[in-house]
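Working notes for the structure below.
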2 protein chains.
Amino acid sequence: MRPPSKTPPPGQPTRRQPTVLMTAVKAGRVNQGRVLQALHDLGPLSRAELARLSGVSRATIGSIVQPLLEGGLLAEGEPQRGATPGGKPARPLWFAPDSPPLAAVHLVPGWVQAALVSADGKILANAGGPFRAAAPAATVVDCVVDRLNAVLAGSAARALGVGIAVGGIVESTSGTILACNLMPELSGLPLGPLVSERVGLPVHLDLHPRAQAMGDRWSGPGRGEQSFASIYIGEAIGAGLFLNGAIHCGPDGAGGEIGHTIVDIRGRTCRCGQRGCWETIATRDWLREEAARLRLPTAHAMTTALLAGLSAAGNADAKELFERYARNLALGVVNLQQLLAPNLFILHGDVIAGGEALRGRVERQARSHLPTRSAAEPQITFGAAHNRATLLGAAGLVLSHSFPLVG
Amino acid sequence: MRPPSKTPPPGQPTRRQPTVLMTAVKAGRVNQGRVLQALHDLGPLSRAELARLSGVSRATIGSIVQPLLEGGLLAEGEPQRGATPGGKPARPLWFAPDSPPLAAVHLVPGWVQAALVSADGKILANAGGPFRAAAPAATVVDCVVDRLNAVLAGSAARALGVGIAVGGIVESTSGTILACNLMPELSGLPLGPLVSERVGLPVHLDLHPRAQAMGDRWSGPGRGEQSFASIYIGEAIGAGLFLNGAIHCGPDGAGGEIGHTIVDIRGRTCRCGQRGCWETIATRDWLREEAARLRLPTAHAMTTALLAGLSAAGNADAKELFERYARNLALGVVNLQQLLAPNLFILHGDVIAGGEALRGRVERQARSHLPTRSAAEPQITFGAAHNRATLLGAAGLVLSHSFPLVG
DNA sequence: CTAAGTATGTACGGAAATCTAACATACCGA
DNA sequence: TCGGTATGTTAGATTTCCGTACATACTTAG
């Protein structure tokens with residue numbers, strides 16, 4: 001084969017990111033990030049434990065964590081007396097209570113929620129407020145900045161940065177909102193740079209389901225996991241995919257539109273124009289329509305919690321619908337598992353109210369629709385309450401950008 | 001939030017890989033790998049061009065490529081006289097014609113194909129041979145080793161290693177075939193270590209679609225791309241996903257079973273036991289059944305090539321079926337694009353015979369089923385002939401393991 | 001109470017990689 | 001013949017991790 005031509009094939013936006021090489025200082029930051037992640041995954045660990053875990057010498061760990069201790073992000077715990085039969089007691093390392101906090105913003109149509117989060121995932125302060133649904137972009141920026149300042153004012157230590165989770169299509173590298181169906185005024189808004197300039201902190205913008213997945217990874221059921229899928233099921237459906245230790249992000253922030261993958265090609269038409277999208281059979285809207293069709297009580301206000309109650313009370317129609325809804329939910333899980341095999345699925349949103357009854361049903365349905373393999377069966381879990389996971393994830397964005405895990 | 005407990009939650013095989021840190025020597029190998037990839041992506045480049053491309057100094061590039069030149073993998077080309085108006089002419093670097101070659105094996109039921117591949121993707125030698133479909137594992141190993149020795153004998157230089165692509169479920173880390181529907185005798189066979197011991201070379205084993213994707217990346221339509229999907233459509237359907245610069249691989253080599261993602265939940269039953277798998281409407285079997293239903297000529301031997309011909313000749317039924325098949329093929333593409341947005345889809349297998357007529361139809365169908373975005377429209381491409389892409393990919397496995405792109 | 005034993009954390013020199021700056025090389029053109 | 005320009009190389013500085021030895025702190029045996 002002859003060498004390829006240097007001009008990209010026509011019509012194809014080559015989109016090649018420049019080759020980036022490894023450096024000693026980059027390696028140092030990566031190692032800091034990996035030590036931090038190991039701590040977060042496994043809990044407080046002494047230098048010696050970290051050294052054994054990573055196969056390097058205690059001296060190396062010492063030099064890696066030294067700047068983190070000096071920077072105030074980590075702190076030494078009390079010596080663990082009596083933990084070992086003999087020898088110097090270990091001093092566990094953990095995130096300092098007074099460490100520089102992380103600011104988080106969750107932007108949804110009509111509402112801005114801001115929070116201050118400690119490095120170990122405690123929410124220190126909280127401030128939310130509405131804005132007019134059709135407000136101009138400048139107003140929304142003002143609102144975000146105001147809420148941010150409100151939470152930032154409560155902290156003596158200067159925050160490390162700001163993470164913003166937003167529903168819509170986002171280009172995270174430039175911090176720009178490319179499109180947002182429910183807030184069209186924000187299309188094309190470089191929210192990241194604007195907020196960064198106003199509050200004087202680095203800002204990291206990302207899509208809501210991806211931030212949610214980051215929250216699950218950082219302090220939710222995904223903690224310590226190498227791969228999982230975090231799925232939000234509400235008025236719409238979206239997924240954040242954490243694959244092989246990193247959030248997956250397509251070009252221009254695309255991907256994760258699992259709600260519009262087609263599972264029932266001869267099914268009903270979706271608002272996106274296609275037929276048989278997963279969204280058409282897995283959202284609360286579907287549930288309410290079916291409940292109405294079955295003339296279930298309070299069908300127009302049906303929730304998974306109500307349905308679980310009806311089902312448990314012995315209502316046969318409710319029972320059948322509950323099972324059918326679980327199967328519909330399992331469909332998306334099954335397809336994801338076949339394709340990417342994340343093995344762990346963290347569900348958020350309306351479905352959480354369905355409780356263990358729904359979780360178990362979805363898990364059983366998913367497993368019954370998958371071939372048995374030697375590997376572990378896929379697990380279904382419910383995430384933390386919606387806003388909490390997303391805010392923690394937005395905060396996690398800051399940390400993961402400050403300490404990259406891969407050079 | 002309190003620190004997490006150190007014991008993993010019960011019932012969950014924690015599967016946490018030990019924290020691995022960056023090292024100077026690791027950084028060196030990673031940088032070698034990235035320089036090699038840049039060369040392969042962009043063609044012959046001088047040290048100065050590489051330095052500009054990666055933002056490091058020429059001196060650094062010099063020290064990175066020095067051992068590669070000494071090892072014989074790379075070689076300096078003739079000085080490019082007259083390329084620049086003034087100044088010392090650049091000496092482009094490229095893979096040496098006499099570089100250590102790579103051995104590749106493609107193992108399919110009843111047939112072993114081996115090849116010797118040069119570092120720049122030329123197939124230097126080729127040897128294939130059958131084995132009894134139900135042969136015991138030892139016989140298959142013998143057959144693989146024989147074919148390997150046949151191609152290795154033709155090269156003066158010692159090969160860098162062996163890559164083996166095999167249909168079935170594979171644990172690539174240990175080189176073991178976990179399961180193989182069509183060759184049940186091979187289940188549990190540690191083929192990698194066995195072959196490695198016999199031929200005295202490092203062996204890397206992986207799943208056929210993943211190897212195919214590697215071949216597309218290394219010297220096919222995926223060259224230089226950051227993300228794409230390589231889909232094989234034959235008697236079965238499988239996908240290799242190249243995401244963000246790396247082949248995606250689930251735990252235990254799972255994932256990529258795109259053929260058994262459900263797209264038509266009320267459709268026909270698949271041999272896997274589920275209903276409406278993509279395989280039930282996108283393989284040649286479906287095409288032949290539908291052709292028979294329409295009483296098309298040579299329906300029992302229908303191929304995409306024949307169908308394209310009938311359609312072009314004006315047969316209305318053929319035309320409709322052709323379009324429908326294209327739509328069915330597009331379905332899988334659409335779902336992948338929504339979920340992962342790879343933007344580039346490289347199709348292999350039976351569909352290639354359908355030519356541009358089929359490719360264009362699939363691309364149009366896929367685009368019409370996707371929302372228009374500011375980003376590039378998804379592109380459909382056909383890969384190289386089946387065996388060639390897989391063999392090149394198997395060879396690419398060796399290189400990508402010898403020069404990892406990430407620490 | 002003292003000394004041996006053990007494990008943790010730290011200090012110092014060495015190895016390996018990249019970075020900066022300067023230098024030698026090779027070609028063009030006036 | 002000489003200046004200009006770009007390439008490739010050399011040498012010292014810097015940063016990081018690694019290996020070894022050492023100081024520290026606690027338990028336990030005598």
Side-chain angles (χ1 to χ4, degrees), chain A residues 19-35 38-39 44-70 74-94 403-404 407, chain B residues 19-35 39 44-70 74-94 403-404 406-407:
Chain A
T19 311
V20 56
L21 299 183
M22 210 62 213
T23 310
V25 51
K26 274 187 203 163
R29 286 198 80 74
V30 166
N31 284 347
Q32 284 186 350
R34 293 187 184 172
V35 165
L39 280 176
L45 296 170
S46 69
R47 295 174 177 81
E49 285 170 306
L50 282 168
R52 280 191 294 269
L53 204 67
S54 55
V56 305
S57 70
R58 301 192 299 275
T60 302
I61 295 293
S63 59
I64 290 174
V65 300
Q66 189 61 29
L68 296 173
L69 287 165
E70 285 169 1
L74 294 181
E76 287 185 325
E78 284 305 298
Q80 300 240 303
R81 312 173 67 115
T84 52
K88 179 174 173 177
R91 224 156 306 188
L93 301 174
W94 189 237
F403 300 99
Chain B
T19 310
V20 56
L21 299 183
M22 207 63 212
T23 310
V25 50
K26 275 187 204 163
R29 283 199 82 73
V30 166
N31 284 348
Q32 283 187 350
R34 293 187 184 173
V35 165
L39 279 176
L45 296 171
S46 69
R47 294 173 178 82
E49 285 170 306
L50 283 168
R52 279 191 294 268
L53 204 68
S54 54
V56 305
S57 70
R58 301 193 299 273
T60 303
I61 295 292
S63 60
I64 290 174
V65 299
Q66 189 61 29
L68 296 173
L69 287 165
E70 286 169 2
L74 295 182
E76 286 185 328
E78 284 306 299
Q80 299 235 304
R81 311 176 67 117
T84 52
K88 178 174 173 177
R91 225 155 305 189
L93 301 174
W94 188 237
F403 300 98
V406 56

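To find a chain, count down the sequence lines: A is the first, B the second, and so on, and within it residues start at 1.
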Supply the atom-to-atom distance A:Leu68 CG to A:Glu70 CD, rounded to the nearest 0.5 angstrom.
-> 9.5 Å
Here the gap from A:Thr23 atom OG1 to B:Met22 atom CE, rounded to the nearest 0.5 Å, amounts to 10.0 Å
Given side chains that start at C-beta, do those of [X] and [Y] come closer than 4.5 Å, heavy atoms only?
| X | Y | result |
| --- | --- | --- |
| A:Ile64 | B:Leu21 | yes |
| B:Ser54 | B:Arg34 | no |
| A:Leu93 | A:Val35 | no |

Could you check which of D:dT7, C:dT8, C:dT20 has an atom nearest any side-chain atom of B:Arg52?
-> D:dT7
Which heavy-atom pair separates A:Ile61 from A:Arg47 by the least distance, and what is that distance?
-> CG2-O, 3.8 Å
For residues B:Leu39 and B:Trp94, report the shortest heavy-atom separation together with the two atoms involved.
-> O-CZ3, 3.2 Å
Can you measure [X] atom [atom1] to [N] atom [atom2] for me and round it to whole angstrom units?
| X | N | atom1 | atom2 | value |
| --- | --- | --- | --- | --- |
| B:Arg91 | C:dC27 | CZ | C1' | 12 Å |
| A:Arg34 | D:dC17 | CZ | P | 11 Å |
| A:Glu78 | D:dA25 | CD | C1' | 14 Å |

For A:Ser46 and A:Glu49, indicate whether the former's side chain and the latter's backbone hold a donor-acceptor pair under 3.5 Å.
-> yes
Check nucleotides 9-11 of chain D against the protein and report each pair of N or O atoms closer than 3.5 Å, with its distance, or say if there are none.
from, atom 1, to, atom 2, distance (Å)
D:dT9, OP2, B:Arg47, NE, 3.1

Would you tabulate the nitrogen or oxygen pairs shorter than 3.5 Å linking the protein to nucleotides 16-18 of chain C?
from, atom 1, to, atom 2, distance (Å)
C:dT18, OP1, B:Asn31, ND2, 2.8

